[in-house]
S.K.: 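Sharing a structure with you now.
Since the model is a prediction, treat every value here as computed from it, not as a measurement. All values below come from the heavy atoms of this structure, side chains included, with hydrogens, waters and symmetry mates left out.
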Amino acid sequence: MQNVTKGMLIGEILRMNEDYAPILMEFGMHCLGCPSSQMETLEEACLVHGIDADSLILRLNK
């Protein structure tokens with residue numbers, strides 16, 4: 001399986017593995033279904049939500 005990176009789109013990450021959704025929500029990303037999430041990178045979403053991208057990536061790639 002491919003590792004998640006900061007440059008990946010949220011929609012792309014969710015298509016890779018739907019089990020990532022609860023992890024993203026646990027970190028504070030509750031708008032996974034909104035249209036902008038399909039065009040926003042993980043890094044951009046983390047900046048908007050005040051989330052440490054590196055911590056989230058470590059958790060997703062565990």
S.K.: Within this structure, what is the OH-CE distance for the pair Y20 and M8, rounded to the nearest 0.5 Å?
M.R.: 8.0 Å
S.K.: If you compare all heavy atoms of L14 against all heavy atoms of L24, which two are closest, and at what distance to 0.1 Å?
M.R.: CD2-CD1, 3.8 Å
S.K.: Could you pull out the closest heavy-atom pair between C46 and L56, with the gap in Å?
M.R.: SG-CD2, 3.8 Å
S.K.: How long is the straight-line distance from CD1 of I51 back to CD1 of I57, given to the nearest 0.5 Å?
M.R.: 11.5 Å
S.K.: Check the hydrophobic clustering (I, L, V, M, F, W, Y; side-chain heavy atoms under 4.5 Å; chains of links allowed) and say if M25 and M29 are grouped together.
M.R.: yes
S.K.: Do side-chain atoms of N61 reach the backbone of V4 as a donor and acceptor pair under 3.5 angstrom?
M.R.: yes
S.K.: Do the charged groups of K6 and E44 touch, with an N to O distance under 4.0 Å?
M.R.: no
S.K.: Find the distance between CG (L60) and CG (L42) and round it off to the nearest 0.5 Å.
M.R.: 6.5 Å
S.K.: What's the separation between atom CD in E40 and atom CD1 in I10, rounded to the nearest 0.5 Å?
M.R.: 6.5 Å
S.K.: Kindly say whether L9 contributes a backbone atom to a donor-acceptor pair with the side chain of E12 at under 3.5 angstrom?
M.R.: yes
S.K.: Would you name the heavy atoms of G28 and H49 that are closest together and state the gap between them?
M.R.: O-ND1, 3.8 Å
